[in-house]
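Below you'll find the structure, written out as C-alpha cells, and then a few comments.
Proteins come first, then strands; the chains are lettered A, B, ... in the order of their sequence lines, and each starts at number 1.
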There are 4 protein chains.
Amino acid sequence: MIVVMKPDSSKEHADHVISLLDGMGFSSCLIESAERKVVEVLGIAGSFDNMGLENAPMVDKVLPEAGPLLAASRRPGEETFQVPLGARATVGGTKLAVIAGPCSVESRAQLLEIAAAVREAGAVALRGGAFKPRTSPYSFQGHGEKALEWLALAREETGLAVVTEVLSSAHVELVARYADVLQVGSRNMHHTPLLRAVGQQEKPVLLKRGWSATLEEFLLAAEYIMVEGNHNVILCERGIRTHETYVRNTLALAVVPEIKRVSQLPIIVDPSHGTGRNHLVTPMSNAAVACGADGLIIEVHGKPAEAWSDGEQSLDLGQFRLLMQGLRPFAAASGREG
Amino acid sequence: MIVVMKPDSSKEHADHVISLLDGMGFSSCLIESAERKVVEVLGIAGSFDNMGLENAPMVDKVLPEAGPLLAASRRPGEETFQVPLGARATVGGTKLAVIAGPCSVESRAQLLEIAAAVREAGAVALRGGAFKPRTSPYSFQGHGEKALEWLALAREETGLAVVTEVLSSAHVELVARYADVLQVGSRNMHHTPLLRAVGQQEKPVLLKRGWSATLEEFLLAAEYIMVEGNHNVILCERGIRTHETYVRNTLALAVVPEIKRVSQLPIIVDPSHGTGRNHLVTPMSNAAVACGADGLIIEVHGKPAEAWSDGEQSLDLGQFRLLMQGLRPFAAASGREG
Amino acid sequence: MIVVMKPDSSKEHADHVISLLDGMGFSSCLIESAERKVVEVLGIAGSFDNMGLENAPMVDKVLPEAGPLLAASRRPGEETFQVPLGARATVGGTKLAVIAGPCSVESRAQLLEIAAAVREAGAVALRGGAFKPRTSPYSFQGHGEKALEWLALAREETGLAVVTEVLSSAHVELVARYADVLQVGSRNMHHTPLLRAVGQQEKPVLLKRGWSATLEEFLLAAEYIMVEGNHNVILCERGIRTHETYVRNTLALAVVPEIKRVSQLPIIVDPSHGTGRNHLVTPMSNAAVACGADGLIIEVHGKPAEAWSDGEQSLDLGQFRLLMQGLRPFAAASGREG
Amino acid sequence: MIVVMKPDSSKEHADHVISLLDGMGFSSCLIESAERKVVEVLGIAGSFDNMGLENAPMVDKVLPEAGPLLAASRRPGEETFQVPLGARATVGGTKLAVIAGPCSVESRAQLLEIAAAVREAGAVALRGGAFKPRTSPYSFQGHGEKALEWLALAREETGLAVVTEVLSSAHVELVARYADVLQVGSRNMHHTPLLRAVGQQEKPVLLKRGWSATLEEFLLAAEYIMVEGNHNVILCERGIRTHETYVRNTLALAVVPEIKRVSQLPIIVDPSHGTGRNHLVTPMSNAAVACGADGLIIEVHGKPAEAWSDGEQSLDLGQFRLLMQGLRPFAAASGREG
C-alpha cells in the first residue's frame, strides 16, 4: 500500500503518517524523490484498506499499489509528450524522427562522412557510441571523450542532434556536456543508479528496453528517471531474446501500440539491434512506422563489412538513403508528415 | 548425407546405391515420398565426401544435407507462388488477401451474418472453426460436420472461399469436401502424419507456425506437405511464446521478410492470435502489410464479448470494416493493389 | 462454466440441462467422453452464478471452470498412482524406474546388445524408436513394424518392458500390440486426436511435455487421455525451449516437485533430450532423482558417434553402467529402494 | 583478432604492435586492465592470419578470439578455486557452503533472530539486502548503511560471514567496509562499470547470472571482474526467464555441471529466486547439490507472510532447519563433507 503525500508536504508530515501506521502495528518507510514523497506500508500482502489515512494532514491519496501514480502513465485525452532532439527536432509529434549513425564512433573522418550522408538522407539526429558496453572485456570499449568531441563537431557541421550512450553514473556529467540526448542501453535498463542519475540532469534520455524486460519493468525504469524530475524520456523497443535463431533478437512491435495506449512517452524502434540482419532493417522500419512508432534509430556505416562492431546489422549509406525514401508513403499512411 | 535420385528412378536404382554404400561400410536407408526418392546415409556426422556416388545410375546429386533440395526454397529470380483461395482469389500475387471470420462456427445465423459483413468489407475468404483444438477436453470442441455445412452455405451466399482447420488425418477427406483451404494449426505443425495427409489431397493448405517453432522447422513442415505432391502451401505467422505477458503471443513479424528471402511460399499473418488483444489487431495488421505480408487472417465476431472462444482478440463487424479501410494506404505503400 | 453430470446420467439428462440453459438465454453444449458427461455454458466470461442448476436431475456439480474436476489432480491424502511398466515393474512407487535404450532402433543386433547391457546395469524397461518424428522429411523415419518385432524379441530375451513412440492415431493398435507402454512425444503433446486414441486402448501411456507447454497444458493433455478411460499415464519432463545455447533444451526440473504437489500421476525425467549433451546426462539424472522424480528415461547406444540419431546425447554402455551405480546413493537419499 | 602482450610489457611495446598493424592497413586498439594488455585488431571478420606478429617484442601470443585467455576458464587438471566466505569458511572445496538470511534487512531484531537461527541450522554465511534493486521506485529501497551495521553486528554475534548486494559503483567502498562478500545481482550482471569496480577491491564477489544471460555472457561478466585483479568470484545460478508461469523463474540447473566443466570458479545455486515458491525451495536445493553445486543461497525469514519483500519464496526458520537436515545425505552422495 502506498500513501502519496501532497507536493508541498514536509518530512514531518510523512513522519506523522509513519507514526500513525506504527500505532496501528504496521511498518512503513518514506521513499523520497525529487518529485514525490511516498510512504510505503510494508509486510502486508494483497488486501487493501486505506485505514482512514486520507484524513491525515498533507496526504494526497492512498493507493493499493503504485500503478496509478506513474508519471509514465497516460492521462485520458492528453497527447504524447514531445521530447526535444537537439534544437531543431522533436520526437513524439506528427513528424517521424529518424536517428542514424554508426554503432561505434571509429574515427573523426568516419563519423563526419556518415553524419553528412544521414543528414542528407533526412535523419534529424546522429547516433554513435563513445562508451561501448561490450560482452567481452577484450573487445573495443569506445574512444570515450575523444569520440564525444567528434560527435559535437559533427553536430556543428550538420546540425544533427547527438544521441550517445552513457554507461556509468560517473560519466553522466561528461556525456551530458556533449550530447543532446543521453542513451541508456538495454544492458543497463535495470541499473537504477544510472536511471536516477540521468533523471537528475537536464538532457532528454533515450531508454532502451532490456532484452528480457516486461512492459511493466520498462515503464517503471522510465519512472525511475521521471521521479527525479526529468520527464523527457524517449522509449525504444530493440528486440527481445527468444528461441529464434535467424535473427539476433525478436523485434516485438506490438509493444508500440500498447505503449501508445498506456503511456504518453514517445516510443521509437531500433530495427538494427531488433533484427541483427542488414536485409531485415528496411522492411521492419516500414512495419514499425505502420504500427505507430514515433521514430527510428538505425545503424549506418560507410563500409559495414569493416565496421568495428555490429557490421552485420548496419546499412551502408546508399541503403539508408533508399530506406528513407521508402519510408515516406508509410509515414504518410500513418498520418505523419513527410 | 543425402543421395537424391532422379525423378524417374526406380526402387532398384535406389537399392543399388544402398548396396554400394553397404560395400563401403555405411548404413543407409531409402526415404520415399510421392515426389522424391532420397537415400540418407546414416551414422556419419559432419564431414562430407560424396564417395563417387554421383556416378551411380539415376543419381541426381549428392548433398551434405537436405537444405538445398527443399521444395519450399526460393529459386533465384522466381516469383512467390500464387496459391488459390477458392475460385476467385489467390494469395501470393499483387493483391492483398484478407481472410476473416469467427474463431468457432457457433450457429448458422452467426456465421451468415459475419460472412456477409466481412465480404462487404473486402475479405476474400471466410475462416471459422468446425473442429477446434482446445487445451481442455471440457471445452467446446466444435460443431464438426454441421459447421462445415454452414461454411459451405456461407460460401454459396457470399462467394467467399472457405478456410477451416483440420485436426486429424481421419478428417482430411471430410474437411476437404467442404473447404477451399485446409488449415493446419500451430498445435499440429509438428504432427507429421497430418502434414503428409494434407499433402496427399488437392486442396491448398494454410500452415500455421508452431508457437515455438524455429524458421527451419516451419519450412520443413511445409516440405512434409510438398514432398507428397501438394505445393499449394500458404505459411502463416501467428506469434511465438515468449516472456511477454501483455500479449497472448509475441508477433514475430521479421519472419515475413525473411521468408520472402528464403522461400517462394506466400506468407500471411494472424494478428488476432499473434497479439490476443482486440486493440492491437489493427496496428499489427498495418505493420504486417508494411513488411511484406501477402495477406492476413483475422478473427471477427458479431458480439466479441459473447464469443464462445477467443472473444478477447476478436474484432466486431464495425472494427473490421475500419481495419480494411485503414489498410488501403499501407497496401498501396507496399506496392499492392487495393 | 461447467455442469458436471453424474456418472450414470443419460444423454436426456444432459439435454434437459441444455434446455434449461437455453430458456435462460445461454448457449451450451454437451462434451462427452468415456468417463464423463459435461455441459459447458458458452459465451460467458468470468463471473459465475450456478443458476440453481445443481437441482436439475442427475447433475453432480456446477463449477466455474474445469480445474477442480481433473482426473489428473491430486486428491488430498492419496498416493501417487503406480503405473505398470510391463509385467515386472511399475513407476510411481518407492522403487526408482529407469528406462533406457537407443534413440532409433537401427538393427536387430544393435538393439539386442543394448537391451542386454541396460538390463544388466539395472534398467527395467527398454526404449527404442520404431516410428521417428523427424524435423525433416529427408531424415530416417524409423524401421516401423520390423523395429517393433525386434523390440518384442528383446523383451523376450531380457524381460525388459518395451516403451516406444506412437506417432499417429492410425498406428495405435499396431504399436499397442507390441509395446508395454505407448509414448506420446513432445511434438504431439498438443495433438488431441492421438491423446484420445491412446486413451481408448489399454496400455499405459508415457506422455512427454511439449517443449513450450505450460504446466497446465501438460496436465490437460494427460486429462485428454484419462477422460477416455485410461488412467495409466506417466508424465515426462524433457526440457523446454529457451534462449540457452550450450544445451539443446533447458531441463526445467522444478516441474517435478510441482507435479508431485498438484497431481497423482507419476513423473519421470529425460535428461538426454533435456540437455542434448552426453556429459550432462549423469549429473542431471542425479538432480532429477534428488528432487523427487519417479524414474528416468535415458538414451544409450553401443557407439554414440555412429548413432543414426541423437548421438550427441547418448551414453555408451559403460557410461550408463556408471550412471546407474552413481544413482544409488541419491535414490537412497530420496527415500527410494535401490 | 587479439594480440596478447606479455605480463611485463610496457605501453610502448603495445604501441609498437599497433603501428605495425597500422602499416599493414589495420586499425587496432589497446585494451588495458590491471592484469593484461591486449591489442584488438578491428574491422576484420572471421578469417585469421597472425601476420607474423608473434615475433614483435613482448608479444605473448596472437589469438583469433579472446576465449582461450579467459581467466575464468578451466585449466586441465586443476581444481575448482576455493573462495573465502569470511574468516572461517570457503566455497569451492569439499564442504557444501550454505548462505542464508532475509531478502531485505528489515530491523536489527529481525536480522539477529534470523542470523542466530540459520547459524544454528548450519549456514556459514548470512545474506541480507541493505541496498535493494527494486522494479518500482515506489518500493522500499533498503535501509542502506544502517543495515550494513546490523549485518556487521550479526557477524560479531554469530561468526557468520556477511554477503550483501552492492548496487552501485559509488557504494563499493562502503559495502566492502562491512561485508565479507559483495554480491552483484542479476539486474547488474551486464553493468560493466560495477563489475570493474568490484574487481578493483579485495573482497570476494558473488556474481548472479542475469535472468536472460547466456553462459558465455555470464563467464565474460566474471572475466570483467577478474581482469581487474580480483579472482575471488563465486558464480550463482538463480533462474532464467522463460514462458513458465507456475514459477517466478526457471531454475536451469544444467548450468552447474557445465560450469564445472569449463571454468574453475565455484558455482552456487539460489533456489529461492530460482523458483519463487516456498514449497519448491527444498527439493530444488537437493537437486542443486546432486548435480554438483558448491553451495546454496537461500532466503529465510521469521515470518515469511510479513516479509517486506519476497515473502512467497522465503522459508521460515523451521523449514530452513529441515532443509539443512535433509541436505546431508545428498551432500554425502555428492562426495561432500557434511
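Looking at D:S212, both its backbone and its side chain come within 4.5 Å of chain C, counting heavy atoms on both sides. For a residue to count as touching a neighbouring chain, one of its non-hydrogen atoms must lie under 4.5 Å from one of that chain's; by this rule D:V289 does not touch chain C. For D:L253, the parts sitting under 4.5 Å from any heavy atom of chain C are the backbone and the side chain alike. Both the backbone and the side chain of D:S334 come within contact range of chain C, with heavy atoms under 4.5 Å apart. Of the two parts of D:A213, only the backbone, made up of N, CA, C and O, holds a non-hydrogen atom closer than 4.5 Å to a non-hydrogen atom of chain C. In this structure, the portion of D:T250 lying under 4.5 Å from any heavy atom of chain C is its side chain and not its backbone. Only the side chain of C:R261 comes within less than 4.5 Å of a heavy atom in chain D; its backbone stays farther off.
Residues D:N286 and C:C291 form no side-chain contact, since every pair of their non-hydrogen atoms from C-beta on lies 4.5 Å or further apart. No side-chain heavy atom of C:H279 sits less than 4.5 Å from a side-chain heavy atom of D:P257. Side-chain contact between D:T214 and C:Y246 is absent, with no heavy atoms from C-beta onward closer than 4.5 Å.
The OG1 atom of D:T275 lies 9.5 Å from the CD atom of C:E258; values are rounded to the nearest 0.5 Å. Rounding to the nearest 0.5 Å gives a distance of 10.0 Å between OG1 of C:T242 and NE2 of D:H243.
Contact detail for C:P329 and D:A333: the closest heavy-atom pair is CB-CB, 3.6 Å. Nearest heavy atom pair, residue C:L280 against residue D:A254, reads CD2-O, 4.0 Å.
Between D:R209 and C:E244 a salt bridge is recorded (basic side-chain N to carboxylate O distance below 4.0 Å).
With respect to chain D, the highest number of heavy-atom pairs below 4.5 Å among C:A287, C:S285, C:P271 belongs to C:A287. Counting heavy-atom pairs under 4.5 Å between each of D:I240, D:V256, D:T245, D:L251 and chain C puts D:I240 at the top.
More than 12 heavy atoms of other shown residues, nucleotides or ligands fall within 6.0 angstrom of atom CD in D:E217. Residue C:E120 qualifies as open at atom CD: its count of foreign heavy atoms under 6.0 Å is 12 or below. The local environment of CD in D:E78 is crowded, with over 12 non-hydrogen atoms from other residues, nucleotides or ligands closer than 6.0 Å. Within 6.0 Å of atom CZ in C:R321, 12 or fewer heavy atoms from other residues, nucleotides or ligands are found, so the atom counts as exposed in its surroundings. By the 6.0 Å contact criterion, CD on C:E216 is open, its count of non-hydrogen atoms from other residues, nucleotides or ligands being 12 or less. Remark: C:E312 CD is loosely packed, at most 12 non-hydrogen atoms of other residues, nucleotides or ligands lying under 6.0 Å away.
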